[in-house]
Amino acid sequence: MEDLILWLKYLVLGIIQGVTEPIPVSSSGHVIIAQRLMGMEQKGLSFEILTNTASLAAILFIYRKDIARLIVNGLAFLRTRKAEYRSDFMFVLYIVIGTIPAMVIGLLFKEQIEAVFSSVHTVAIALLFTGVALWLIRNLRGRKRDGDLSVKDAAIVGLAQAVALIPGISRSGATVIASIAVGMKQDTALRFAFMLYIPVSLGGAVLGVSDIMGDPERSTLFVPYLIAFVATLICTYFAMKWLMNIMARGNLKYFAYYCFLAGTLLLIFL
């Protein structure tokens, strides 16, 4: 019976991680809240690494054609310098530039940031902050497409992704908001935001292998971790598809409402 309850708890965590990872409401914040409500305490980073890897796999699958095109055309530009490949090459370069802030700050300060800011109170404030940012950009309709981006745009969005290392600040929310704020069209903003997610998450997965292998509870939590991984994978896929439809309609204001409500309720009751 205890095993069943534990499996259900990890199923819930996996669903929450998967649903909230793509949408701009902070997956880390919601997982922290869920763990507190269910009386769970995660030791180490194994669970976070595994579920983030599951979300990464779903995002890679969704954007597989874009990724293949960028790689092929980027390499073609390096070989031929033909103008037809330049836009994709520059897009890849901007992804690299935008990845640097989160990579550097994450490697140096991720554990300290999580130790200081992983309280429910911080998550509540961060949700309210995200709600305000979403509300401010709700009516913006940019004109920049993939070929119109600049180093400045990439750097600004990259810094926004670094800010999202604070639990409660949505990574997707921060990067989508920053992308729209610098003038990107909705579809370009979404694509650029999640292309930035891929190298950061991939780097975290590679660096986290040692944490997983050294986890003393790895064998006892194998089944719960597997349940959470599969739940996260499936839920991330469908949540991402849902977000794409919402972005196409320009309805980000509804996420702002949710952040305001969730943040306020957390401040009052937790």
Side-chain angles (χ1 to χ4, degrees), residues 21-24 27 49 52-108 110 133 137 140 142-165 169-208 236-237 239-241 243-244 247-248:
E21 179 60 51
I23 64 178
S27 60
I49 293 166
N52 282 341
T53 302
S55 290
L56 170 64
I59 300 301
L60 286 171
F61 181 77
I62 290 171
Y63 282 109
R64 63 192 183 281
K65 293 181 180 179
D66 292 283
I67 294 168
R69 188 195 74 247
L70 289 171
I71 293 173
V72 171
N73 291 351
L75 292 174
F77 179 80
L78 288 175
R79 290 196 308 269
T80 67
R81 292 296 193 274
K82 289 184 179 180
E84 61 190 281
Y85 302 127
R86 188 176 187 278
S87 176
D88 284 334
F89 172 78
M90 293 305 296
F91 194 84
V92 173
L93 180 60
Y94 294 144
I95 291 171
V96 173
I97 293 171
T99 300
I100 293 172
M103 278 287 195
V104 173
I105 295 174
L107 285 172
L108 295 177
K110 189 175 190 296
I137 59 94
L140 294 183
R143 297 183 178 181
K144 293 181 180 179
R145 295 188 178 274
D146 293 11
D148 302 320
L149 307 185
S150 67
V151 172
K152 180 181 177 182
D153 296 334
I156 290 172
V157 180
L159 288 171
Q161 180 166 242
V163 172
L165 290 169
I169 297 291
S170 167
R171 192 217 59 81
S172 62
T175 50
V176 167
I177 288 166
S179 296
I180 292 175
V182 299
M184 295 185 203
K185 290 181 68 66
Q186 301 279 346
D187 59 338
T188 299
L190 189 63
R191 184 164 52 254
F192 188 70
F194 281 93
M195 288 297 172
L196 279 182
Y197 166 79
I198 291 170
V200 170
S201 185
L202 185 60
V206 172
L207 293 173
T236 298
Y237 176 83
M240 186 67 203
K241 288 292 188 179
L243 178 62
M244 287 176 166
M247 287 286 289

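Here the structure is a predicted model, which is why all the values come from computation and not from measurement. Computed from heavy atoms alone, side chains included, the values below leave out hydrogens, waters and symmetry copies.
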Q) Distance from I100 atom CD1 to I95 atom CD1, nearest 0.5 Å? A) 12.5 Å
Q | Nearest heavy-atom neighbours spanning A178 and A160 | A | CB-CB, 3.6 Å
Q) Do L159 and P101 have side chains that get closer than 4.5 Å, going by heavy atoms? A) yes
Q. At their closest point, which heavy atom of Q161 faces which heavy atom of T99, and how far apart are they?
A. NE2-CA, 4.4 Å
Q: Walk me through it: do I62 and M244 pass the test side-chain contact (heavy atoms from CB on, under 4.5 Å)?
A: CA-CA 11 Å; I62 290 171; M244 287 176 166; 3.3 Å; yes
**Q.** Atom pair CD1 (I137) and CD1 (I177), whose distance is rounded to the nearest 0.5 Å
**A.** 5.5 Å
Q. Within the side chain of R64, is there an N or O that forms a donor-acceptor pair under 3.5 Å with the backbone of F61?
A. yes
(Q) Is there a side-chain contact (heavy atoms from CB on, under 4.5 Å) between L149 and M184? Walk through the geometry before answering. (A) CA-CA 8 Å; L149 307 185; M184 295 185 203; 3.7 Å; yes
Q) Hey, does R86 have a side-chain heavy atom less than 4.5 Å from the side chain of F91? A) no
Q: Please round to the nearest 0.5 Å and tell me the distance separating atom CD1 of I59 and atom OG1 of T236.
A: 6.5 Å
Q | Minimum heavy-atom distance between S172 and P22, given as atom pair plus value | A | OG-O, 2.8 Å
**Q.** Value rounded to 0.5 Å, distance of CE in M247 from CG in L243
**A.** 6.0 Å
Please tabulate, for the side chains in residues 190-206, all donor-acceptor contacts under 3.5 angstrom to protein atoms that are two or more places apart in sequence or on a different chain.
from: R191; atom 1: NE; to: D146; atom 2: OD2; distance (Å): 3.4
from: R191; atom 1: NH2; to: D146; atom 2: OD1; distance (Å): 2.8
from: R191; atom 1: NH2; to: D146; atom 2: OD2; distance (Å): 3.2
from: Y197; atom 1: OH; to: N52; atom 2: O; distance (Å): 3.3
from: Y197; atom 1: OH; to: L56; atom 2: N; distance (Å): 3.4

Q.
Would the distance check show the side chain of K144 and the main-chain N or O of V182 forming a donor-acceptor pair, the cut-off being under 3.5 Å?
A. yes
(Q) Assess the residue pair D153 and S150 against the criterion (side-chain contact (heavy atoms from CB on, under 4.5 Å)); give the C-alpha distance rounded to whole Å, side-chain angles, the decisive distance to 0.1 Å, and a yes or no. (A) CA-CA 5 Å; D153 296 334; S150 67; 3.2 Å; yes
(Q) Run E21 and R171 through side-chain contact (heavy atoms from CB on, under 4.5 Å) and show every step you take. (A) CA-CA 8 Å; E21 179 60 51; R171 192 217 59 81; 4.2 Å; yes
Q.
Does atom CZ (R143) have a neighbourhood of more than 12 heavy atoms from anything else shown, all under 6.0 Å?
A. no
Q.
Can you tell me how far apart CG (D148) and CZ (R145) are? Round to the nearest 0.5 Å.
A. 8.5 Å
Q) So how far is it from L70 CG to S87 OG, rounded to the nearest 0.5 Å? A) 9.0 Å
**Q.** Pair listing, salt bridge (charged side-chain N to carboxylate O under 4.0 Å, His left out) test, anchored in residues 66-75, at least two apart
**A.** D66-R69, R69-D88
Q) Do F77 and F89 have their ring centres less than 6.0 Å from each other? A) yes
